Amino acid sequence: MDENRKKLVTILVPAYNEEEVLNMLYERLKKLMDENEKYDFEILLVNDGSKDKTFEIMQELRQKDKRVCYLNLSRNYGKETAMIAGLDYCKGDCVVIIDADLQDPPELIPDMLKYWEEGYDDVYAKRKSRDGETWLKKFTSKMYYKVLQAFTKIEIQKDTGDFRLLDRRCIEALKSIRESQRYTKGLFSWIGYNKKEILYDRDSRAAGQTKWNYKNLINLSIDGITSFTTSPLRWATILGIFVSVVGFIYMLFIIIKTIATGVDVPGYASTMVVILFLGGVQLIFLGVIGEYLGRAFNETKHRPLYFIDRYNEEKETNRNLNQ
Ligand code: UDP
Ligand code: MG
């Protein structure tokens, strides 16, 4: 590396319908860039198929300031895919992933850079508080982390979003993982490397609406578990063995009882209970197996993860970047 060259820091912002906040975000980032002259900066805005003026605003920002780059995806793919698209196109020696809505304070970036210089590869921001979120969301999120952690040996970082700084080698690692149903939070843990945690207070959204609803969250949670661990399948086997053993003992008991005391007609209730219970358990685990089968099906199609409409002023075809 050329010793005199300043290090390039990419700030990666996935954005979906964020017309109300983009200018504000740019102002905050501009201040940050001006205050940190030690580095060169690139702001990479990824427009994830927004239906409002987000893309126009990105173009205007680039006209004003060439440090702003943008990537326009061909439709809305979801934040996970928007992030990998951004990683594919980022040029920096490191990248900071940040939400467009200013819930992640950009003022934390100099701290992250400081730890990066000390040799950490993945500096992630952990939330001390979550302003502007309902107790139900906080509670479900807490329970979810517990469940996910119970399922897997790899340590999951609690209360950590995607707001983090990643060294080039983490970027390359994440880029090499081309699964289509991505659960990036899990991948950050999975790739390993030197991690450093910093604490912060999460602000409320600066403007606009959250794009998440419970349907998305449930989907993301199921993706999280099924993409990360196959232990639900193991549990199915264990429960199956347990139920069979109990069933077998009960069968022996009934045979012996029938021989000893003769035929016993009443028993409708217990039969129904057993049938319903086993039916339920079987359906649940058919569902679990189906989840994994579905994932395998989607991954074997080997589709590109996304298509790009434009990278800066250029119209893009997908080139080789996105196998
Ligand atoms: N986002 C995206 N594509 C989507 C949904 C969201 O790129 O389909 C972006 C969104 O613009 C924001 C970030 O992901 O920058 C986080 O979204 P949001 O603030 O709605 O989620 P929350 O903070 O409520 O978890
Ligand atoms: Mg948000």
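What's counted below: heavy atoms across the whole structure, side chains too, no hydrogens, waters or symmetry copies. Not measured: the values here are computed from a predicted model. Atoms within a ligand are numbered from 1 in the order they appear, just like the ligands themselves.
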Apart from I275 itself, residues in the same hydrophobic cluster as defined by side-chain heavy atoms under 4.5 Å: none

Remaining members of hydrophobic cluster (4.5 Å side-chain criterion), I254: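 Other cluster members: Y250, F253.
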
In ligand 1, which numbered atoms sit nearer than 4.0 Å to a non-hydrogen atom of [X]?
{"X": "E18", "result": "10 (C), 11 (O), 12 (C), 15 (O)"}
{"X": "A15", "result": "7 (O), 11 (O)"}
{"X": "D48", "result": "2 (C), 3 (N), 4 (C), 7 (O), 8 (O)"}
{"X": "Q103", "result": "19 (O), 22 (P), 23 (O)"}

Sidechain N-carboxylate O distance under 4.0 Å for [X], [Y]:
{"X": "E172", "Y": "R168", "answer": "yes"}
{"X": "D40", "Y": "R5", "answer": "no"}
{"X": "D88", "Y": "R178", "answer": "yes"}
{"X": "K7", "Y": "E117", "answer": "yes"}

Kindly indicate, with the supporting measurements, whether the criterion side-chain hydrogen bond (donor to acceptor under 3.5 Å, both in side chains) is fulfilled by D93 and Y39. CA-CA 10 Å; D93 298 302; Y39 300 98; over 6 Å; no

Heavy-atom distances under 4.0 Å are what count here, so tell me which part of [X] touches ligand 1: side chain, backbone, both or neither.
{"X": "D99", "value": "both"}
{"X": "N76", "value": "side chain"}
{"X": "K79", "value": "both"}

Is the closest N or O pair between P14 and ligand 1 shorter than 3.5 Å?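 It does: an N or O of P14 is found under 3.5 Å from an N or O of ligand 1.
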
Hey, which N, O or S atom on D101 ends up closest to the Mg ion (ligand 2)?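 Looking only at N, O and S atoms of D101, the one nearest the Mg ion (ligand 2) is named OD2.
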
